[in-house]
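Atom set for the values below is all heavy atoms of this structure, side chains included, hydrogens, waters and symmetry mates excluded.
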Amino acid sequence: MSFRLLGPLEIVTATGALPLRGMNQRAILAFLLLHANQVVATSDLMQVLWPDGDAPATARKVLQNTISALRGVLARGVIPTHVASLVTQAPGYMLRMAPEALDLARFRILADQGRSALAAGQPESAARSLRAALGLWRGRAGQELAEAGIDWPQLAVVDSARTAALEDYCDAELRNERHREVIDCLEAASAAEPSRERSCHLLMLALYRAGRQVEALRAYERLQEHLSKDFGVQPSREVRDLHQSIINQDPALLPSEEPDSRDIDFDSPSDPELDLLFALLALVQRQQRPHVVTLAGGSGGEQGRLLTELTSRLRQDGQVTVWHVRTGPDGAALGDELRAALRRATLHRPLVVVAEKLHHVRGAVPACVGEVIRVAGRTPLLVVLTARAEPETLWPGWNAAVPWSTTVLV
């Protein structure tokens, strides 16, 4: 289940995208997604539909009908209320959402995680999180709205956050000595916003490290020209100092050693399921609240691949404890194993608990998992389960017993 705002507006379920009819539905849904879990006043939503202030006498009824239609879309998609629900709350409406269900929320979590890793001197981890964040984008935020002439400042803020995350990603990769791999990204960013100093600064450094000194100096000249023409100012001291260091061929600008042979293609296809697992892990760290994710599907091969990739990356980083639970032939050991794992958890180190092939375990699973979630309190705990079908299908009452959960169909 995914609400997608970072590109064309979509609500995607296991069976495909839900139909959104007309610009009214799309505009109201997009505005509510931009303000997820916040009450949006009726007057603000009417302004969305009639931005020029020419609302007809039937405006309130039109808005009510649009809200009703959106509720119908959610109902037809059989979206659980703990994932998303559109509620009436004075002085307007609120779209209650689980953060992991909205691509914008996942983007912000991953971008913040990457920025924190960068500040902590962990550029490999930072690049991984930021690459996952950028991989969620499929175009401009609310793309069809922008094409229809809608220019809400909130959309501009989201697009700007993408540019900032791209700069953070390129900064991390420069620290990882992969300067050649980010030149194209930075050239595109600088061309799109020629007065943006940080993009230019990073581009100049990447070009110089790649042996393209003349092009680095030309990038500075373009920035200087645009800033002078558009704002009547000169580049910042930091950019001017870099420019002078490039002219002087300062050896301090070069990497300390030969570049790492590990090449990462920024344009390579992202792995949305794996990205979601890392986003959920970031969520439990940020909110200090446990969460359960079930990898459901008929084939165990894809589940195994995701688990192998997830656990191997976490062990490489060394920042997260990974614990594999043994369920026993009939699931009798599940509760004891989960409690044993939780005893080793701390508030300061995230814990990922993995329990595989739970489809053979029947009624015990909701009670065991629900108990651990309640006892965990503020422990940053992510429980990853695998099964052949969705939890509510295997274990009726799952959604009530395990309130903080996500199902990923693979």
Side-chain angles (χ1 to χ4, degrees), residues 5-7 34 104 107-108 110-119 123 126-127 129-143 145-147 150-210 212-247 250 253 264 266-267:
L5 185 61
L6 306 181
L34 286 167
L104 175 57
F107 165 76
R108 286 169 171 163
L110 286 164
D112 286 348
Q113 185 181 36
R115 198 167 292 115
S116 296
L118 194 61
S129 295
L130 289 159
R131 190 165 52 251
L134 293 165
L136 295 170
W137 286 77
R138 299 163 292 112
R140 291 183 61 185
Q143 185 166 303
L145 303 177
E147 292 171 354
I150 294 175
D151 58 352
W152 301 330
Q154 295 91 339
L155 290 175
V157 168
V158 174
D159 281 324
S160 180
R162 179 190 191 182
T163 303
L166 176 61
E167 291 171 336
D168 288 332
Y169 167 77
C170 293
D171 189 353
E173 290 295 58
L174 282 170
R175 300 189 198 193
N176 291 326
E177 301 179 7
R178 290 193 279 261
H179 37 274
R180 290 181 178 85
E181 288 73 25
V182 298
I183 288 175
D184 289 347
C185 304
L186 289 168
E187 286 182 332
S190 294
E193 298 187 59
S195 298
R196 195 167 177 106
E197 291 190 81
R198 190 182 180 205
S199 292
C200 182
H201 183 280
L202 293 167
L203 175 60
M204 290 165 61
L205 183 57
L207 288 169
Y208 182 73
R209 287 184 174 180
R212 297 159 63 177
Q213 179 181 5
V214 172
E215 292 174 70
L217 295 174
R218 286 176 180 164
Y220 174 83
E221 291 168 0
R222 288 194 298 271
L223 174 68
Q224 185 180 43
E225 179 181 350
H226 280 286
L227 288 175
S228 177
K229 178 182 176 181
D230 296 339
F231 306 104
V233 298
Q234 289 296 306
S236 66
R237 172 60 66 86
E238 183 180 12
V239 180
R240 296 201 308 270
D241 287 347
L242 175 60
H243 176 247
Q244 191 60 50
S245 295
I246 291 173
I247 292 174
D250 187 346
L253 298 180
I264 292 183
F266 180 79
D267 294 322

Any residue meeting salt bridge (Lys or Arg N to Asp or Glu O under 4.0 Å) with Asp184, in chain and number order, not counting sequence neighbours: none

Nearest heavy-atom contact between Gly114 and Ala126 is O-CB, 3.3 Å

Within this structure, what is the OG-CG distance for the pair Ser190 and Leu186, rounded to the nearest 0.5 Å? 6.5 Å

Min side-chain heavy-atom separation Leu104-Leu34 under 4.5 Å: yes

Quick one: ring-ring contact (aromatic ring centres under 6.0 Å, His included) partners of Tyr208, sequence neighbours excluded? none

Could you pull out all residues at least two apart from Asp250 that satisfy side chain to side chain contact (heavy atoms under 4.5 Å, CB included)? Ser245, Ala252, Leu253

Pairs touching residues 132-141 that satisfy side chain to side chain donor-acceptor pair (under 3.5 Å), sequence neighbours left out: none

Would you say that Trp152 contacts Leu145 through its side chain, given a criterion of any heavy-atom pair below 4.5 Å between the two side chains? yes

Not counting sequence neighbours, which residues clear side chain to side chain donor-acceptor pair (under 3.5 Å) with Glu238? List them please. none

Which pairs would a plain distance check flag for residues 225-233, meaning a side-chain donor or acceptor within less than 3.5 Å of a matching protein atom at least two apart in sequence or in another chain?
none

Ala141 backbone acceptor or donor facing Arg162 side chain under 3.5 Å: no

For residues 193-207, dump all side-chain donor-acceptor pairs below 3.5 Å to protein atoms at least two apart in sequence or in another chain.
from   : atom 1 : to     : atom 2 : distance (Å)
Glu193 : OE2    : Thr163 : OG1    : 3.4
Arg196 : NE     : Glu167 : OE1    : 3.4
Arg196 : NE     : Glu167 : OE2    : 2.7
Arg196 : NH2    : Glu167 : OE1    : 3.3
Glu197 : OE1    : Ser236 : N      : 2.6
Glu197 : OE1    : Ser236 : OG     : 3.2
Arg198 : NH1    : Asp168 : OD1    : 2.8
Arg198 : NH2    : Asp168 : OD1    : 3.0
Arg198 : NH2    : Asp171 : OD2    : 3.2
Ser199 : OG     : Glu167 : OE2    : 2.6

To check you understand the geometry: which heavy-atom pair defines the closest contact between Arg240 and Pro235, and what is its length? NH1-O, 2.6 Å

Residue list, side chain to side chain donor-acceptor pair (under 3.5 Å) with Gln244, at least two apart or on another chain: Asn248

Residue pairs passing the salt bridge (charged side-chain N to carboxylate O under 4.0 Å, His left out) test where at least one lies in residues 213-222, sequence neighbours excluded: Arg212-Glu215

Checking Val182, Leu174, Leu118 against Tyr169 for side chain to side chain contact (heavy atoms under 4.5 Å, CB included), the one that qualifies is Val182

Residues two or more places apart in sequence or in another chain: which of them pass side chain to side chain donor-acceptor pair (under 3.5 Å) with Asp112? Arg115, Arg286

Report the C-alpha distance between Val158 and Leu5 in whole Å, list the side-chain angles of each, state the deciding distance to 0.1 Å, and finish with yes or no for side chain to side chain contact (heavy atoms under 4.5 Å, CB included). CA-CA 10 Å; Val158 174; Leu5 185 61; 5.8 Å; no

Any chance you could measure Gln143, atom CD, to Asp159, atom CG, to the nearest 0.5 Å? 10.0 Å

Ala133 and Phe107: which non-hydrogen atoms are nearest, and at how many Å? O-CD1, 3.4 Å

